[in-house]
2 protein chains.
Amino acid sequence: MKGIDKRVALFEEELRRAGLRMTQQRRLILRVLAEADDHPDAKGIFTRAFAHDPTLSLSTVYRTMKLLETQGAIERHAFEDGVSRYEHADQHHHDHLIDVETGQVVEFSSPEIEALQAKIAAELGYEIVRHRLELYGRKMPGTSKRKDVAKAD
Amino acid sequence: MKGIDKRVALFEEELRRAGLRMTQQRRLILRVLAEADDHPDAKGIFTRAFAHDPTLSLSTVYRTMKLLETQGAIERHAFEDGVSRYEHADQHHHDHLIDVETGQVVEFSSPEIEALQAKIAAELGYEIVRHRLELYGRKMPGTSKRKDVAKAD
DNA sequence: GGCTTATCGCAAATCATTCGCAATTGCGTT
DNA sequence: AACGCAATTGCGAATGATTTGCGATAAGCC
């Protein structure tokens with residue numbers, strides 16, 4: 001609740017700097033995103049925001065997501081279900097593990113894997129611009145470790 | 001040229017076993033796929049096959065790709081451009097490095113990364129069912145290493 | 001050769017996402 | 001507080017990849 005308003009204000013500044021406007025719908029979508037602890041898709045964001053403002057349109061959600069992405073405020077991911085899912089980008093880099101049964105998304109990061117990726121790319125004569133790493137797994141019985149758990153819709 | 005016919009024959013057996021038929025169009029698509037050393041999408045496969053049989057339809061290509069995928073004869077990949085690309089599945093497992101400038105796809109495999117993935121998943125209480133690893137990179141000047149290079153359309 | 005039904009070609013249907021455009025609304029300026 | 005204009009919105013239509021319904025065609029078994 002506290003960090004959210006600050007983030008919205010910061011974003012408004014960035015917009016202004018680019019000659020853009022902080023509209024009611026952008027403010028609303030931003031709030032929905034900030035309150036989300038999962039990886040919602042456009043329709044999911046629209047549904048949540050629509051509850052607060054029934055005049056909002058899905059097009060505006062898509063347009064805003066694109067804007068937020070180019071501004072670097074959010075990250076877009078396309079998992080195997082084909083739709084684009086979003087999450088705010090104020091955190092450290094991480095990859096995703098998707099529970100094939102529930103669709104739940106668990107975040108993780110591994111400097112070792114990143115290092116190996118860079119090494120492999122270098123061996124092939126490339127430098128990495130970005131990467132996509134998704135693990136699709138099934139919960140093992142008996143184990144109960146936790147870490148940055150976030151569920152998808 | 002030799003292995004192709006054999007592979008087609010093997011596939012025909014599998015089809016028959018499932019009560020399905022080896023049609024002209026399936027034979028043709030299979031041949032196109034076997035001759036491809038890249039990762040073509042449905043339209044690309046259609047174009048190549050259409051050159052040999054102008055009565056072929058794109059629907060048939062899509063239907064055949066789905067069939068081949070469920071039969072495990074091919075693998076489908078959806079890189080960042082959004083379209084599904086296919087490659088025959090008779091090779092060892094590998095991941096992909098995509099040249100962000102040319103779209104060229106380089107294949108590689110890393111037992112170390114696979115091991116790390118399994119370890120990470122286990123720590124989170126999961127066992128991996130499958131994964132998706134794509135590196136997007138840019139060719140480094142001066143370096144000239146090669147390895148399993150395959151270009152996209 | 002004939003029969004059954006899997007498969008095909010075609011056009012229409014989906015689905016997520018984008019776009020065109022007229023109506024609206026931020027917001028810097030009076 | 002009102003003005004003016006470009007940025008933005010909502011809506012519906014357009015897109016592009018992929019799927020599907022259906023009548024016509026052709027595998028494969030007798």
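Chain identifiers are assigned alphabetically (A, B, ...) following the order of the sequence lines, protein sequences preceding nucleic acid strands; residue numbering begins at 1 within each chain. All values reported here derive from a predicted model rather than from experimental measurement.
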Study note, to complete from the structure: Which of C:dC27, D:dT19, C:dC19 is nearest the side chain of A:Lys66? It is C:dC19
**Study point:** Nearest listed nucleotide, side chain of A:Arg21, among C:dG9, C:dT25, D:dA26
**Key:** C:dT25
Length of the line joining [X]:[atom1] and [N]:[atom2], which is rounded to integer Å:
| X | N | atom1 | atom2 | value |
| --- | --- | --- | --- | --- |
| A:Leu68 | C:dT17 | CG | P | 15 Å |
| A:Phe46 | C:dT18 | CZ | P | 16 Å |
| A:Asp41 | C:dA16 | CG | C1' | 10 Å |
| A:Arg76 | C:dT18 | CZ | C1' | 12 Å |
| B:Ile29 | C:dG9 | CD1 | C1' | 13 Å |
| B:Gln71 | C:dT7 | CD | P | 10 Å |
| B:Leu15 | C:dT5 | CG | P | 19 Å |
| A:Arg16 | C:dC27 | CZ | C1' | 8 Å |

Flag for [Y]-[X]: side-chain donor and acceptor within less than 3.5 Å:
| X | Y | answer |
| --- | --- | --- |
| A:His94 | A:Glu87 | yes |
| A:Glu134 | B:His131 | no |
| A:Glu114 | A:His93 | yes |

Exercise for review: Examine B:Arg76 relative to B:Tyr86 and say whether NZ or CZ is less than 6.0 Å from the centre of the six-membered ring and inside a 45° cone about the ring axis.
Suggested key: no
Practice item. Respond yes when some side-chain nitrogen or oxygen of B:Gln25 is under 4.0 Å from OP1 or OP2 of C:dG9, and no when none is. Key: yes
Would you call [X] and [Y] a salt bridge, taking side-chain N to carboxylate O under 4.0 Å as the test?
| X | Y | value |
| --- | --- | --- |
| B:Arg21 | B:Glu12 | no |
| A:Asp95 | A:Arg130 | no |
| A:Lys139 | A:Glu101 | no |
| B:Glu35 | B:Arg31 | no |

Practice item. Find which nucleotide of DNA chain C each of A:Val83 and B:Met22 is nearest to by heavy atoms, and output the residue with the more 5' nucleotide. Key: B:Met22
Revision key, fill the gap. By nearest-heavy-atom nucleotide on DNA chain D, the more 5' of B:Lys43 and A:Arg63 is A:Arg63
Exercise for review: For B:Ser84 and for B:Glu12, locate the closest nucleotide of DNA chain D by heavy-atom distance; then report the residue assigned to the nucleotide nearer the 5' terminus.
Suggested key: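 Nearer the 5' end of the strand: B:Ser84.
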Check your understanding: Heavy atom of residues 51-62 of chain B under 4.0 Å from DNA chain D: which residues?
Key ->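 Heavy-atom contacts with DNA chain D come from B:Ser59, B:Tyr62.
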Practice item. Check if the side chain of B:Arg26 and the base of C:dT7 share a donor-acceptor pair of N or O atoms closer than 3.5 Å. Key: no
Review point. Once the angle between the rings of B:His39 and B:His96 is folded into 0 to 90°, is it parallel (under 30°), tilted (30 to 60°) or perpendicular (over 60°)?
Key: perpendicular
Point to revise | Helical bend (five base pairs per end, nearest 10°) for the helix from C:dG1-D:dC30 to C:dT30-D:dA1 | key: 30°
Review point. Is the closest side-chain heavy-atom distance between A:Val61 and A:Ile29 below 4.5 Å?
Key: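 In contact.
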